[in-house]
There are 4 protein chains.
Amino acid sequence: MSSGTSRAAEPAGGAGPRGRIDKRQAILRAAFTVFARRGYEQACVREIADEAGVAKPTVYNHLNDKETLFRHTVIAAADTVAADNLAAVERLRDPGGDLGAVLTDVGLRLLRVCCGERATALRRLSSAQAASMPDLFETVIERTGLAVRDALADRFARLSLAGRLRECPPDQAAEQFVALLTGPAETRSRFGTRRVPVAEQRAVATAAADTFLRAYGS
Amino acid sequence: MSSGTSRAAEPAGGAGPRGRIDKRQAILRAAFTVFARRGYEQACVREIADEAGVAKPTVYNHLNDKETLFRHTVIAAADTVAADNLAAVERLRDPGGDLGAVLTDVGLRLLRVCCGERATALRRLSSAQAASMPDLFETVIERTGLAVRDALADRFARLSLAGRLRECPPDQAAEQFVALLTGPAETRSRFGTRRVPVAEQRAVATAAADTFLRAYGS
Amino acid sequence: MSSGTSRAAEPAGGAGPRGRIDKRQAILRAAFTVFARRGYEQACVREIADEAGVAKPTVYNHLNDKETLFRHTVIAAADTVAADNLAAVERLRDPGGDLGAVLTDVGLRLLRVCCGERATALRRLSSAQAASMPDLFETVIERTGLAVRDALADRFARLSLAGRLRECPPDQAAEQFVALLTGPAETRSRFGTRRVPVAEQRAVATAAADTFLRAYGS
Amino acid sequence: MSSGTSRAAEPAGGAGPRGRIDKRQAILRAAFTVFARRGYEQACVREIADEAGVAKPTVYNHLNDKETLFRHTVIAAADTVAADNLAAVERLRDPGGDLGAVLTDVGLRLLRVCCGERATALRRLSSAQAASMPDLFETVIERTGLAVRDALADRFARLSLAGRLRECPPDQAAEQFVALLTGPAETRSRFGTRRVPVAEQRAVATAAADTFLRAYGS
DNA sequence: TATGAATGAGCATTCATTCAT
DNA sequence: AATGAATGAATGCTCATTCAT
């Protein structure tokens, strides 16, 4: 990002392994950009190298294969998405008085993540390669989808115990809450093809929280 | 393969329009098989021609391009899926006494379609090419997802008027009913990667109908 | 060689599979030329295609691999060399009165073959790849070296029975006769690097026949 | 590997010229190993560096080029082989009573060298590059083949003078003696591909000496 | 001196597509 | 209408070699 200054400022000083790490990061960033733009098969290593500002063999020096490059890129994106999602769910740990408002808020945050470029590209890329790299796809689903669902289930179980939700199987409640958010969101974003206006995101989140509370409220 | 008469009448000479049509169908069937197996970019025309039992140029005679071939294949699959989905929704036109049972039944039928090979392959293929053929992707979504939602909304509007559902925006109700079905189904089927046992499909449909009725029942 | 005329003369007539066969032959001829010029690893398929006057993929259409191309080329050369060698040995079947003269003549013919471009290139190419394609190398040796030795042994056995040679193990005699020819020839031709003048070839053959008869004559 | 003292004296500090020489030797040894294993083109500098336990640029520091590296390696091997061969021939300087026995012994020693790993690898490597490095190939032949022949010729001339061999052109005698040894040996070792059992080596040497004495004995 | 990192050039191979039959 | 054969373009990957440290 600010490569010019920092590199010019320390041309020889500490830049030993730093240049290497910088380049690796640049490659991974560029790879995500290009993969998201073209898809796995259509993306060519040369375009990634160009985007990263390095020579093609440098890509191969850092990441042995096109496939390896893809896997690292996807896993990194999945971890970021997962962290964002879990952070959103955390807000349910201390819900305060207005449960509907908190659910709406959490839903909106989850939507922002799921409708974001990273998450949509991640979904498209990994599912497109589900046949050729099934383990990678599985990993992505686990670290993003299932992790959120489980975290939500934990919160819902506590809320159930606290009498804020009716007695219910928390896994199912979580699964359905997520579905009420992502289902409409995917439809409206055309699976990430269109940008969903914030107002619509809010409407989806509100409707999801409303329906959820009608069905699961105490 | 075809009605014996027509082929017996013209064994080799002009081959008639029937042989041509047969071949075209064979090519399209083979194309779907191969595309589903390998994905768009990775599928090669030669493999499709082999699967169809014809020579490569014959494919080009019938469908000008690899892209054209893909589009026809995808549209055909989308139409089939859409018809299946709409047939399922039709059962709501005359719901009878037990609304929950009918909703569960409809849900189960929709799930069967959405978890089927055709629909999952269709989703994966079209979304993977969303970047390069956005219009195709849009068409698929419209003819499958949106069409079902609209048909459902029609039914829900009538049920609302009939007092079987509470007053509600029918589009939202339909959107959420679909979401309660497909969301969990996608998670469990790993986006079409795993086969979902019938018992699980039934559980998802039951839970969806239950939650839906709790939220929208009159 | 005379491609222009022959092809121009029959542009569409019988040239059905003929064009294909012509092209395959052209490719194999070109391959031998280029492999002989550059060696296996250094020869690139594009150069071969250029030399053959076809496009690179055409080479791959006819011979799947660079390795396959090499194998076919080498085997073809080996068969030609073998045939030439055996034809030379045949002259010993009816030796006539002057055995020394016939032996010298046979030796000279064998030398001409072994010092020829084809045989030297064959030896260099196959032995250079002995590590990566041991079976090919073995085949070449069998079809060229061993076959000649065995054919010679047959002749020597008969000559022994006829009292023209002393009693001796014919395999050893044949092995040594060949050695007396090829050993000096290889040294003088610098293993095919230099052209050996005919006079020198004659000297080698004469000396070989002389020494052989001194040792094995009756 | 080296005289322990010098290394103990300068363990890591200045490394002295001795460490440098050691490294150069290690590189040359590794180069021969790898070249023998893979051939010139297929051997990559990185594999050589790994085998030598040094970094790639170190190889370039010591020997400028891949070609230079190859040349040094080959020349070194040629010198070793030549020395071994000449040592074998030396035994003819004072033949003693049984000339056949000495000739057999010398032949066996020569065979051991020629069938050894070093000599076979040397022949294969240098002849494979005869086209791209003709001078190197020439040098190898001179230092190995021709040198032996000349040394042998010297001995045979003396033996001729001493009446132990008939009057004869000593160059031709030497050439043929070598041929009677290496020709069969190359056939049986499949040009260095197979290991020739000692018994066979002995048989070849005996037969060579026998034939030679029949032809050239006084 | 020795090395981690980077690069320009090159190659085998595949594929969609088009001719000529 | 159907096909065997041919091709131009593109891609993943490797390697010898050079900087900068």
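Protein chains get the first letters and strands the later ones, always in sequence-line order, with residue 1 at the start of each. These numbers were taken from a predicted model, which means no experiment stands behind them.
Distance check: C:H72 NE2 to C:D65 CG gives 10.0 Å after rounding to the nearest 0.5 Å. Rounded to the nearest 0.5 Å, atoms CZ (B:F32) and CZ (B:R118) are 6.5 Å apart. Atom-to-atom distance recorded for A:T58:OG1 and A:L63:CG is 11.0 Å, nearest 0.5 angstrom. A distance of 9.5 Å separates CD in D:E41 from CZ in D:F35, rounded to the nearest 0.5 Å. Here the CG atom belonging to B:L28 is positioned 6.5 Å from the CG atom belonging to B:L69, to the nearest 0.5 angstrom.
A search for side chain to side chain donor-acceptor pair (under 3.5 Å) contacts involving D:R46 returns nothing, not counting sequence neighbours. Residues forming a salt bridge (Lys or Arg N to Asp or Glu O under 4.0 Å) with D:E67 (at least two apart in sequence, or on another chain): D:R71. Partners of A:S132 by side chain to side chain donor-acceptor pair (under 3.5 Å), not counting sequence neighbours, listed by chain and number: A:Q129.
Where pairing requires Watson-Crick or G-U contacts shorter than 3.5 Å, the helical stems of DNA chain E with at least three consecutive pairs are E:2-21 with F:2-21.
Across the interface with DNA chain E, nearest-nucleotide mapping of B:P57 and A:T58 shows A:T58 to be the residue nearer the 5′ end. Of the residues near DNA chain F, C:G53 and B:G53, the one whose nearest nucleotide (by heavy atom distance) lies more toward the 5' end is B:G53. Nearer the 5' end of DNA chain E, as judged by each residue's closest nucleotide, is the contact made by A:A55, out of C:Y60 and A:A55.
A salt bridge is defined here as a Lys NZ or Arg NE, NH1 or NH2 lying under 4.0 Å from an Asp or Glu carboxylate O, and D:R37 with D:E47 meets this definition.
Taking every heavy atom of residues 64-72 of chain A and every atom of DNA chain F, pairs under 4.0 Å involve A:D65, A:K66, by number. The stretch residues 32-50 of chain D comes close to DNA chain F through D:A43, D:C44, D:V45, each having a heavy atom under 4.0 Å from the strand.
For D:K23 against E:dT1, a side-chain-to-base donor-acceptor contact under 3.5 Å is absent. Below the 3.5 angstrom threshold, one finds no donor paired with an acceptor across the side chain of C:N61 and the base of F:dA5.
When rounded to the nearest whole Å, the span between NZ of C:K56 and P of E:dA16 equals 17 Å. When the C1' atom of F:dA2 is taken as reference, atom CG of B:L63 falls 15 Å away, rounded to whole Å.
Nearest heavy atoms, B:A78 versus B:L122: CA-CD2, 3.5 Å.
A cation-pi geometry, defined here as NZ or CZ lying under 6.0 Å from the six-membered ring centre and within 45° of its normal, does not hold between A:K66 and A:Y60.
Closest to the side chain of B:V54, out of E:dT7, F:dT3, F:dG8, is F:dT3.
Contact check, D:H62 against E:dT1: no side-chain N or O comes under 4.0 Å of OP1 or OP2.
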